[in-house]
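Hydrogens, waters and symmetry mates are skipped; everything else that's a heavy atom, side chains included, is used.
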Amino acid sequence: MTVSPTRLGGLLGDALEANLHGRLSHFIVDEQSPAIAIFAQAHREQNREGDWYGEHAGKWLVAAARAAARSHDASLRARVLRVAEFLVGVQEPDGYLGTYAVDRRFMQPQPPKPGTWDGAPSMRTWDIWTHAYLVLGLLEVHRQFGSPPCLAAACKIGDLCLQTLGHGGIDITDLGNHHGMSATVLLDPAVELFFVTGNDRYLELAQTILRQADAHRELGLVRNALAGIDAAFIATGKAYQLAWNLVGLAKLYRATGSPEHRRTVEMLWQSIRDHHLTLGGGPWGGVAHRSRECFNPPGVFSPNGYVETCSTLAWIQLNRELLRISGEAKYAEEIERSAYNDLLAAQAPDGEDWCYYVFPNGRRVHTTYWRCCKSSGAMALEELPDIAFTQVDDHTLAVNVHGPGEASFDIAGGVRLVSLTSYPRHGEIRIRVAMHGQARFTVRVRIPSWAIAPSLTVNGHAVDGAVEAGTFVALTRQWCDGDEIQAHFPARPLLHRRTNRNVQESLAPDGSPVRQEVLHEEYVAFTHGPLVYATELIDGFKASESVRLPDSPPEDWLRLDAAVLSLAVELGYRPPLVFTPYFAAGGRVDGAWRLTWLPLAPATPVS
């Protein structure tokens, strides 16, 4: 358990400060703010539109409560408590705390919904969704500031949901789109209620949700995953909602120990990791599908795919849960990759503006006031301090996400870890131990998978055993104040290749298969360490340019300048193309272009 707030510096610290003084301080300030005023009784009584805008309240409470506690910002804390008090005050006696008119609420039986492609009901799509975020927000306020009224309000929501889905006879998959996934996300806050209260009725709520989700033909969350179905074909493959469902299922595994739950989460994690992430670590879709926000079929690639910032939030949270369960380095690395690339790429430097979508190749667009991703991005950033350094158990600390920062823990009478580095500019990291006296415990240090011949020393002495890329190294010893871990993670620029390919398949008259490749486009991109690199419009005006790569190894023509974080691609036949980290390309201004993938010049046909 961290005993004082974690402080992050460097790129992530700058993003957190911008978040604190931008989005979190200005978007919601009191009960008159538009995102909170919609909960007032007068609005509820006439709201029959089935809108989703109520989600912002819960998201803001989660992120702002964490930021206020982390920064000791008294004014933000006061605003959080004021808004929470207002919401508790407008909760109805039965526990309802949404924004819908009485006849549109999730507790009211409705006619059968139409058979739409995404399983969307004709009304109340987002009522459970809003309540799910409200439970998380109210619990976070209670967790950070000790608010029994917030805890009671969250419990009343849980009780109302259990009554509705149990004795009320309503199936949760009838309450949300994407074949119920926008309602079955309630699994996450249901388990959180169980963790906080220890009351078995919230575990019953979680198990009821999962049972109804698994019985749905198109969703079949556990059933389909264990059958090896790819994430793209679980319901509609909606990235954000599926990943959030998996967050809840991972928590349910922690509560019950069910091996089936864990296998489900791990199999779908692997599906997403193998087939549905950009180079920058964000879940992507929008190609060969009816929705911008649904996963594409495995094997589909496009440099113009959409990464919804909400999906990046859910992916970071899913990896957080799996890291906690397994302690495996691959989950921490996914968090770091997403954070330094697609998440930072969505935030504007002022901390106010966010992109709804980011694209490996495409124009940066800051989204409008009400869009979900502005609150999701702010919430995702506030996940990072509690992930970067963790206390695993009574004898073990872990350094999961690298960068400058520090965290204090109640292990061994009080220990502070201080990371001194300019990472990700380079891979030299010093982790200093500050404590009173001395004690024996373990510090687990993550070794990035891209590190070349990584090394670790303690006080200048090499550690025993192998230092293997893509793992944690556990350093168990008698630690004293001032001891220092030195990590050396050498890296070189890496070349990545992807193919946009289409094969036409049919049967000949005799029944034999006929396959013909009708599309084949090769692309290349570059990374260094955890950072993906991108260039702006080529020569100031081209949104694409085919390149011919030199015959020599990439290290001969990729020139990294770590001091200014630039990568020169020296192709020989034209002036070098200058790449900068993807998140920063174009100065992070609205309308700037970022080009990550360059098409390779096609091979000349042989006549």
Are [X] and [Y] near enough that their ring centres are under 6.0 Å apart?
X      : Y      : answer
Tyr340 : Phe583 : no
Tyr582 : Tyr533 : no
His56  : Tyr133 : no
Phe295 : Trp284 : no
Tyr100 : Phe106 : no

Taking the side chain as everything from C-beta on, heavy atoms only, tell me whether [X] gets closer than 4.5 Å to [Y].
X      : Y      : result
Glu521 : Thr499 : no
Arg497 : Leu600 : yes
Val514 : Glu505 : no
Arg594 : Asn361 : no

Can you see whether [X] engages [Y] through a side-chain donor-acceptor pair at a distance of less than 3.5 angstrom?
X      : Y      : result
Lys59  : Ser376 : yes
His276 : Asp230 : yes
Tyr357 : Arg292 : yes
Thr236 : Asp118 : no
Arg23  : Ser375 : yes
Tyr356 : Glu293 : yes
Thr527 : His496 : yes
Thr125 : Asn177 : no

Requested in this report: Could you point out which residue of Val358, Thr278, Val307 forms a side-chain contact (heavy atoms from CB on, under 4.5 Å) with Thr312?
Outcome: Val307
So which atom in [X] and which in [Y] form the shortest heavy-atom distance, rounded to 0.1 Å?
X      : Y      : result
Leu318 : Val265 : CD1-CG1, 3.7 Å
Val401 : Leu12  : CG1-CD1, 4.0 Å
Ile387 : Asn400 : O-ND2, 2.8 Å
Leu595 : Leu537 : CD1-CA, 4.2 Å
Ala314 : Tyr240 : CB-O, 3.8 Å
Ser338 : Gly281 : OG-O, 2.7 Å

Carboxylate-amine/guanidinium contact [X] [Y], below 4.0 Å:
X      : Y      : result
Arg48  : Asp103 : yes
Glu333 : Arg273 : no
Arg501 : Glu522 : no
Glu336 : Arg446 : yes
Glu140 : Arg66  : yes
Lys330 : Glu334 : no
Lys542 : Glu545 : yes
Lys251 : Asp188 : yes

Evaluate the ring planes of [X] and [Y], with Trp represented by its six-membered ring, and classify them as parallel (under 30°), tilted (30 to 60°) or perpendicular (over 60°).
X      : Y      : result
Phe579 : Phe526 : perpendicular
Trp129 : Trp126 : perpendicular
Phe27  : Tyr369 : tilted
Phe301 : Trp597 : perpendicular

Requested in this report: Name all residues meeting the side chain to side chain contact (heavy atoms under 4.5 Å, CB included) criterion together with Arg263; count only those two or more places apart in sequence or in a different chain, and write none if there are none.
Outcome: Leu226, Pro259, Glu260
Starting at [atom1] of [X], measure out to [atom2] of [Y] and round the result to the nearest 0.5 Å.
X      : Y      : atom1 : atom2 : value
Ser258 : Leu249 : OG    : CG    : 8.0 Å
Arg262 : Glu321 : CZ    : CD    : 12.5 Å
Leu186 : Leu210 : CG    : CG    : 12.0 Å
Asn224 : Asp214 : CG    : CG    : 7.5 Å

Requested in this report: Could you please spell out the steps behind the salt bridge (Lys or Arg N to Asp or Glu O under 4.0 Å) verdict for Asp590 and Arg364?
Outcome: CA-CA 6 Å; Asp590 189 32; Arg364 181 186 183 103; over 6 Å; no
Report task. Test salt bridge (Lys or Arg N to Asp or Glu O under 4.0 Å) on Arg201 and Asp159 and set out the steps. Result -> CA-CA 8 Å; Arg201 68 178 180 269; Asp159 294 340; 2.6 Å; yes
